[in-house]
Protein chains: 2
Amino acid sequence: MKKNTSLEKRKTFRHGDLRNALVTAGLEMARAGGPNAVILREATRQAGVAPNAAYRHFAGQAELLDAVRAACLSRVAAAIEDEMKKNKAGRNPQAFARKSLHAVGMGYLGFAMREPGMFRTAFSVPPPVHSPDPAHTASMGLNPFQLLSLALDRMQESGLLNRKDRKGAEYLAWSTVHGLALLALEGPLHKMPREMVLALGERLVVMVERGLS
Amino acid sequence: MKKNTSLEKRKTFRHGDLRNALVTAGLEMARAGGPNAVILREATRQAGVAPNAAYRHFAGQAELLDAVRAACLSRVAAAIEDEMKKNKAGRNPQAFARKSLHAVGMGYLGFAMREPGMFRTAFSVPPPVHSPDPAHTASMGLNPFQLLSLALDRMQESGLLNRKDRKGAEYLAWSTVHGLALLALEGPLHKMPREMVLALGERLVVMVERGLS
DNA sequence: GGGCAATTGTGGACAGTGTTCACTTTTCGG
DNA sequence: CCGAAAAGTGAACACTGTCCACAATTGCCC
């Protein structure tokens, strides 16, 4: 299967891997300019193919965007996992639980600062939340939401959170970091330096940890 | 000044209030479909005017959208003010401070649920945060950010918040409600019923109140 | 008042977008 | 091996934002 990634004019009539090529091109556009920048015709151009060819693989631009978004979500999950891998479960479960929650929050925010376009794309349009769809997940097989749930479970199991407060805590924790990320990316805080945003993020995660229980 | 609001074919060559008509039309489009739905040509159509006429009042679509966003922000501020007016300063400053913070958060969220399109438009593109621009404000002359600051000041003055924790608290509090609003509007939580979102909002505000100090 | 310039609108055009239809080329399975 | 399904092409349409030259209107200044 020839990975006809870019311009090199193919001699074969078939492309071989068009769908993937389109998603890749779209991903690059999303990275550079967010969801609004993922243009169908441009993707076909980069793949060296006629605009209509895209319709053999996607029902329309919206569906292409959907695929690109899934890819972006996967990157977010990977970033969180990387952050979580930095600390292993030691003999203190409470400390581990706290570190996990911290890693989720900061991994999320860190990715948002590093890859604004992808981040904005990942959350631009409603994806289902409970989906074992492998496209949304990273190596661990969990999407960002599930990674957060995992961290909160650790909080509960280690006694930092009682059952009542645990319920729906995902949404509360998620709201905070997501809100800061968007305020910093496309909201009134977009001129705030990244380091300051991340510093605010630290305070935010602490606030969540204290406020949840 | 003839408020040539809509289709009724004017007989005068001049429109009389085109700029306003365009913003109004744009506002309605934003209300119905968010920022991406505010189309310049459509606005001119509704105003009964040639597309190019818009360029006498706005440098381009982006500038029209800017005006529409300012109008939306003003609505957000108005919603918060309405919520704040529901409780007056009694003899217990701490209770008043708490109620103020609560009102800001829930007024914000409530508007987001009631007018998703306008809300999304209001925060779609970076507006400056510290701006006494009257277009961004409601009757009280404060924008949402300033209203939040006011509520937090009351928290500090009544002894619920020390000076150190007060610093930057706006951003922390704002992040939480903004995040929930966006998750519920165009994020993974978009299918969650409004009442449940608002219930989560209540918990969120409580969490902020507890977590800030 | 009368004329002239700035303002505000018009008409026509261009490039770029998503999308559809009819058609051609290639692949692959019975 | 051949015929149907898959995958790409070409031309067209409607829509968008934007620019140009030009026409109507207003209002200001002498």
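A note on names: the letters A, B, ... follow the listed sequences, proteins ahead of strands, and every chain is numbered from 1.
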Of the listed C/dG18, C/dG9, D/dT16, the closest approach to the A/R41 side chain comes from C/dG18
Considering only heavy atoms and no angle criterion, is a donor-acceptor pair shorter than 3.5 Å present between the side chain of B/R19 and the base of C/dT8?
no
Salt bridge (charged side-chain N to carboxylate O under 4.0 Å, His left out) contacts in which one or both residues fall within residues 188-197 of chain A, not counting sequence neighbours
none
Name the closest nucleotide to the A/R56 side chain, picking from C/dC23, D/dG17, C/dT10.
C/dC23
Look at the side-chain N and O atoms of A/H57 and state whether any lies under 4.0 Å from the OP1 or OP2 oxygen of D/dA6.
no
Length of the CG-C1' vector between B/L65 and D/dT16, whole Å:
15 Å
Test ring-ring contact (aromatic ring centres under 6.0 Å, His included) applied to B/F123 and B/Y108, B/F145, B/F111, the passing residue:
B/Y108
Testing C/dT10, D/dG17, C/dG18 for proximity to the side chain of B/A50, the answer is C/dT10
Side chain of B/R45 only, heavy atoms from C-beta on: which candidate in D/dT16, C/dA22, D/dG17 is closest?
D/dT16
Find the distance B/N36:CG to D/dT16:P and express it as a whole number of Å.
14 Å
Whole-Å distance, B/L40 CG to D/dG17 P, equals 5 Å
Are OP1 or OP2 of D/dT18 and a side-chain N or O of B/Y55 less than 4.0 angstrom apart?
yes
Name the closest nucleotide to the B/V49 side chain, picking from C/dT10, D/dG8, D/dT16.
C/dT10
Once you round it to whole Å, what is the distance between C1' of C/dG9 and CZ of B/F58?
15 Å
Nearest whole angstrom, please: distance from the P of D/dT18 to the CD1 of B/I39.
11 Å
A/L22 CG - C/dG18 C1' separation (whole Å):
14 Å
A side-chain contact here means heavy atoms from C-beta on lying under 4.5 Å apart; do A/L27 and A/M118 qualify?
yes
In this structure, how many angstroms lie between the P atom of D/dT18 and the CD atom of B/E63, rounded?
10 Å
Side chain proximity check, A/R75 to A/F119, heavy atoms < 4.5 angstrom
no
Could I get the full list of salt bridge (Lys or Arg N to Asp or Glu O under 4.0 Å) partners for A/D82, not counting sequence neighbours?
none
Would you kindly give the CD-to-P distance between A/Q61 and D/dA14, to the nearest whole Å?
21 Å
